[in-house]
Amino acid sequence: MIEFRIEPTTGVSPYRQLVHQVRQALLLGVLREGDQLPTVKEVVAAVAINPNTVLKAYRELEFEGLVEGRPGVGTFVTRSLVDSSLAAHAELRKDLSGWLEKARRAGLDDDSIAALFESTFRSGRNEGVA
Amino acid sequence: MSAAIETSAVGKRYGRAWALRDCTLTVPPGRVVGLVGANGAGKSTLLHLAVGLLRPTEGQIAVLGRAPGDDATQLARVGFLAQDVPLYSRLSVGDHLRLGAELNPGWDERVARARIDRVGLDPSQRAGGLSGGQRAQLALAVAIGKRPELLILDEPVASLDPLARREFLADLMELAADGLSIVLSSHLLADVERVCDHLIVLAGGQVRLAGDVDQLLAAHKVLTGPRRDPDRQPADQTVIQQRHTDRQSTMLVRTKQPVLDPSWTVSDVGLEELVLAYMAAPSAATVGRAAAPRLRSVT
């Protein structure tokens, strides 16, 4: 069972935090196929957030095909993310390390690198690329 | 299902001063509504009107489809926790429950007792000796014992320590998950962001912004870019707040369309930023009062 945390200071909406934490748990293998997510009532009682926020997060995860709501029973993980992506991690990490080295050689400091990544990531997302 | 609260041009005047003016709102049922605004903005007045403790000077208000405080049946449908958590300090916790049972025809002893047990209140203890958090929990138990359809709370957590506040809000959210409509006023915007899915911003006795939080956040963007004249913004963008340095402009705009101008960096707005902007904005920028959008030709 996953346990949620909500950080008020991150600027990330509670809904996004929930979705992110489930995805993260799936990626790391903390959650596996068949596992049950906490009920809406359990989540709101544990972290004091709006029940509709939890419903919305679960609906989003369902839309992505990661979980399935079974009426009267609960919400269950239908797909693991571990196998599909973990294999690619090593190579992507290598690429990224190479890129980071290149950026440092070009004279970028940590802040510049973070800013460049952030803005590229954002613009890619706005265009629906990433 | 009727709206939890529906007002039409409601105003309340004390002597010569209007505490609330021209307030038109529809709060759908099943929401957790955050009512925010500076002190004196009219929050308590609006809540007291909804409970039926005040009558409007002008306009109409309906709560769950009926005039507030109409009769005993209507009173039983709305629970209210006033700002100062009024309890009888000489009466015990158990006495308060007995009082609730005597005064409310639809009293549910099981629900009230379950709450008292869960938060660990001793029925024999006098209310005067309770901590702030315990007082709030007792008041909530009495308010919930009457099985209301709508619960109205005026700054319920203002005087609670962080732990008591968190527990109180978690309990409220459990009630919301069971379908109870909740309206609460608060200055704590982080709490509002956490627990509310509908927002009302009051300033100077007027509604500045109202709607479902998701839709409000989606309808606003923060634009940052080279300095420019706000009058040159497209007609479908209403500027709510703007800051300029000699080189840079930052604007919070309300718009239904995506912002396509490439010279702007467009970012989403947070709830706190949005609320503060509307609290500070001149009233011309309030919802529904924007200039009618001009038609623009598309080439």
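Scope of the values below: all heavy atoms of this structure, side chains included, with no hydrogens, waters or symmetry mates. Note on naming: letters A, B, ... go to the chains in the order of the sequence lines (proteins, then strands), and numbering restarts at 1 for each one.
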Enquirer: Counting a contact as any heavy-atom pair under 4.5 Å apart, which residues of residues 97-111 of chain A contact chain B?
Expert: none

Enquirer: Shortest non-hydrogen contact from A:Ala45 to B:Ala170?
Expert: O-CB, 3.4 Å

Enquirer: For B:Ala177 versus A:Pro51, what's the shortest heavy-atom pair and its separation?
Expert: N-CG, 3.6 Å

Enquirer: Once you leave out hydrogens and angles, what donor-acceptor pairs under 3.5 Å do chain A and chain B share?
Expert:
{"unit_1": "A:Lys41", "atom_1": "NZ", "unit_2": "B:Asp178", "atom_2": "OD1", "d": "3.1"}
{"unit_1": "A:Lys41", "atom_1": "NZ", "unit_2": "B:Asp178", "atom_2": "OD2", "d": "3.1"}
{"unit_1": "A:Val47", "atom_1": "O", "unit_2": "B:Arg194", "atom_2": "NE", "d": "3.1"}
{"unit_1": "A:Val47", "atom_1": "O", "unit_2": "B:Arg194", "atom_2": "NH2", "d": "2.8"}
{"unit_1": "A:Ala48", "atom_1": "O", "unit_2": "B:Arg194", "atom_2": "NE", "d": "3.2"}
{"unit_1": "A:Asn50", "atom_1": "N", "unit_2": "B:Arg194", "atom_2": "O", "d": "3.0"}
{"unit_1": "A:Asn50", "atom_1": "ND2", "unit_2": "B:Val195", "atom_2": "O", "d": "2.8"}
{"unit_1": "A:Asn50", "atom_1": "ND2", "unit_2": "B:Asp197", "atom_2": "OD2", "d": "3.1"}
{"unit_1": "A:Asn52", "atom_1": "ND2", "unit_2": "B:Asp197", "atom_2": "OD2", "d": "2.4"}
{"unit_1": "A:Lys56", "atom_1": "NZ", "unit_2": "B:Asp214", "atom_2": "OD1", "d": "3.2"}
{"unit_1": "A:Lys56", "atom_1": "NZ", "unit_2": "B:Asp214", "atom_2": "OD2", "d": "2.9"}

Enquirer: Side chain, backbone, both or neither: which part of A:Val43 has a non-hydrogen atom closer than 4.5 Å to chain B?
Expert: neither

